[in-house]
Amino acid sequence: MRNPTKLLNLLKIRAAREALDDLKTLLVTECGANPADLRFEQVNVEHHLAHIASAYYISPWEHAAGFSIDGSGDFVTCMLTECTGQEIKIKQRVYVPQSLGSLYTMICQFIGYGKYGDEGKVMGLAPYGEPTYTDIFKDMITLTEDAFELNPKYFMPFGSNQGVEMNDKGEMIILQHYADHMVELFGKPREPYTEITKRDMDLAFSLQARFEDVYMHLLNVLYKQVPTDKIVMAGGVVLNSVANGKMFDQTPFRETCIQPAAGDEGLSLGAALYVSQSVLHEKERFVMQDAYLGPEYSPTEMRTALDKGGVQYRELSRADLLTATSDQIEQGNIIGWFQGRMEWGPRALGNRSILAHPGRSDMKDILNARIKRREWFRPFAPVVLAERQSELFEYHHPSPFMLHVYKIRPEWRERLTAVRHVDDTGRLQSVSRDENPLYYDLVKTFGERTGTPVLINTSFNENEPIICNPDEAVDCYLRTKMDVLVLGNYFCTKPEEAGT
């Protein structure tokens, strides 16, 4: 009430949300539903409670600490809970404007990465910087006994705008987070697509370092309230796989269950599971063994797409497919790999992936030049056989959804040069045969041929959403310099490269 201009914006937010509160009216208005047919009961689930439910109720555990953190949702930015049986007990909330997610977004914007989801790029840039601004970031966000506080002089005042908007293309538009004080300290913000300077790298480094300080502090606060070694995690901020990889050294937690679709795309599942378990007390429990929950396509649909695109192909047996694909990867060729049901979440996990040799020093540049066209500093991810993980990486905790970054052991660093980041780490995916038999056997076949049980795994796309259906796979294959397309059991090569 002391800030009437901010109150006006908050009222605008509330007014915009009111139209979404009555689901029955929306269905009648937008979908032409018959009001008499709508006999359901509507249950509203708090934002962060849905996040935690999306991770806890897919786990095999009956007791765990629950952690949710993001920019904000329902005016909360972080929630700490205790999960027992079918119940989630809220232990603590952190309210806006204190937001670790907003801190990360603000710095991303300032150094030219202002699109929704760009935070992962800045995480990849961080190791190239130095701790030049450590003291400034300690002033920007300070630790309290049980949480943290942002220094408002660095940020646009809470309520000065409506935070996030949607444009006509359906894209999320994030409004300015940084205040004039940032410009006074660091000069003008970087324009997107311009040269990345030492200042920008050092800002990314200092951001990630301070982020980890706060992240570990919150996890340790949670452990004091819920002293168990198991933790379930969700919210967009837990996609920071670098921090996740360090938590085993800096907190008492030893087992994590991290929602693969940790951002707001996972809220619908969380809300449904919360009602199923905590409200209705249904006995059946869903344990998510893998993230392959998307659509799949028949051989007929695949052949139709190939024929429409004029693609040469051979249908191979499972064994011949593994041999032929491994041979192509060993030769240094780039494979588009399309199998089974699409992954759910932001990571390609072996069903809509581009695969390549992890040991070629030029492979990162080849992938970027011929297909991905990503920023030079962004690393590619390794997929490793789960049982060999601790032999190659310094941690044994599995990472099936590519949500942990671990150090590569010194003796393997030269053999994994294409997936080794500048700080000798890799954002790995560990794969077991139970999770994905064909993908596992491909990595294993390549390992038996080369002695390296690892492949490069990056998403099947070219600066676009990950491909979903066979038509999109064929289109991406034809317009890029991808060497081979493996679409189900169909093995495809381009005419000028077909040797048989």
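A salt bridge is absent between Glu82 and Lys89; no separation between the charged side-chain nitrogens and carboxylate oxygens falls under 4.0 Å. Looking at Lys153 and Asp139, a side-chain N of the basic residue comes within less than 4.0 Å of a carboxylate O on the acidic one, giving a salt bridge. In this structure, Arg210 pairs ionically with Asp213, as a charged nitrogen and a carboxylate oxygen lie closer than 4.0 Å. A salt bridge links Glu46 with Arg93; the closest basic N to acidic carboxylate O contact falls under 4.0 Å. Remark: Glu394 does not engage Arg409 in a salt bridge, criterion side-chain N to carboxylate O under 4.0 Å.
Asp264 places no side-chain N or O within donor-acceptor distance of the main-chain N or O of Gly236, the cut-off being under 3.5 Å. Put simply, the side chain of Asn333 never gets that close to the backbone of Ile329: no donor and acceptor are under 3.5 Å apart.
Aromatic ring centres of Phe205 and Tyr128: separated by at least 6.0 Å. The aromatic ring centroids of Tyr215 and His217 lie 6.0 Å or more from each other. Note: His397 and Phe248 meet the aromatic proximity criterion, with ring centroids under 6.0 Å apart.
In summary, the side chains of His47 and Asp70 do present a donor paired with an acceptor at a separation below 3.5 Å, with no hydrogens or angles considered. The closest side-chain donor-acceptor pair between Ser68 and His51, if any, does not fall under 3.5 angstrom. Inspection of the Thr77 and Gln98 side chains reveals no N or O donor paired with an N or O acceptor under 3.5 Å.
Considering CD1 of Ile111 and CG of Leu125, their distance stands at 5.5 Å, rounded to 0.5 Å. Rounding to the nearest 0.5 Å gives a distance of 5.5 Å between CZ of Phe338 and CG of Leu487.
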